[in-house]
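Comments concern the structure below.
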Amino acid sequence: MPVDRINDLRAFRDFADARLSGEGVEPTLQEALVLWEVENTRGDRAETVQAIREALDDMRAGDVGTPWKQAVAELRTKHGLPASS
C-alpha cells in the first residue's frame with residue numbers, strides 16, 4: 001500500500017536534507033515543517049478553494065443550502081449516532 005507523500009518519513013528526510021545542503025540560511029525546524037506541509041498539500045488546498053468558490057457561486061445564484069438541523073440529522077444517521085446527545 002503506497003504511503004501519501006505528506007506522511008512519508010523518507011520523503012521528509014530527503015526534503016530536509018535538500019534544505020540543509022543548500023546555500024543560505026538553514027530553516028528552523030518549524031519553518032521546515034511549514035514548508036513541507038505547504039509543498040505537499042497544495043493539491044488539497046486548490047481543491048478546497050475551488051469547492052468554496054463553487055459554493056459561493058451557488059449561494060449568489062440563490063441556493064440556500066441545507067438547513068443545519070437537517071444536515072446534523074443526516075450526519076448522525078450516516079455515522080450511526082443517536083438522534084440527540
Side-chain angles (χ1 to χ4, degrees):
M1 177 173 165
V3 175
D4 292 332
R5 180 169 167 79
I6 190 74
N7 295 316
D8 185 344
L9 186 56
R10 291 177 198 267
F12 178 74
R13 182 193 63 202
D14 293 344
F15 168 85
D17 285 344
R19 294 299 176 275
L20 294 172
S21 66
E23 296 294 321
V25 179
E26 292 180 2
T28 65
L29 177 58
Q30 185 64 32
E31 290 168 338
L33 290 172
V34 169
L35 287 170
W36 171 254
E37 185 175 326
V38 167
E39 289 185 16
N40 288 282
T41 59
R42 284 192 178 141
D44 295 340
R45 287 184 181 170
E47 291 171 11
T48 300
V49 168
Q50 183 60 33
I52 291 170
R53 285 185 177 142
E54 289 172 8
L56 288 170
D57 289 343
D58 291 345
M59 183 185 71
R60 289 183 191 111
D63 185 348
V64 295
T66 304
W68 73 270
K69 286 184 179 181
Q70 179 183 342
V72 170
E74 290 171 3
L75 285 170
R76 288 180 177 280
T77 300
K78 178 181 177 180
H79 295 287
L81 299 171
S84 62
S85 58

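Side chains are part of it too, since the values below use all heavy atoms of this structure and drop only hydrogens, waters and symmetry mates.
- W68 shares a hydrophobic cluster with V72; the chain of contacts runs through ILVMFWY side chains whose heavy atoms sit under 4.5 Å apart.
- Under the rule for a side-chain hydrogen bond (donor to acceptor under 3.5 Å, both in side chains), E26 has no partner lying at least two apart in sequence or in another chain.
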Compile the donor-acceptor pairs under 3.5 Å between side chains in residues 56-64 and protein atoms, sequence neighbours left out, one pair per line.
| from | atom 1 | to | atom 2 | distance (Å) |
| --- | --- | --- | --- | --- |
| D57 | OD1 | R60 | NH1 | 3.4 |
| D63 | OD1 | G65 | N | 2.7 |

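- The hydrophobic cluster around L81 extends to none of the other residues, as no ILVMFWY side-chain heavy atom falls under 4.5 Å of it.
- Atoms CG and CZ, from D8 and R13 in turn, are 9.5 Å apart once rounded to the nearest 0.5 Å.
- Tracing side-chain contacts under 4.5 Å through hydrophobic residues (I, L, V, M, F, W, Y), one never reaches V25 starting from V34; they form parts of separate clusters.
- By the side-chain contact (heavy atoms from CB on, under 4.5 Å) test, E74 pairs with Q70, sequence neighbours left out.
- Considering only residues two or more places apart in sequence or on other chains, E54 meets the side-chain hydrogen bond (donor to acceptor under 3.5 Å, both in side chains) condition with Q50.
- Closest heavy-atom contact between R19 and P27: CB-CG, 4.0 Å.
- Residue Q30 holds its CD atom at 10.0 Å from CG of L35, rounded to the nearest 0.5 Å.
- In this structure, CZ on F12 lies 4.5 Å from CG on L33, to the nearest 0.5 angstrom.
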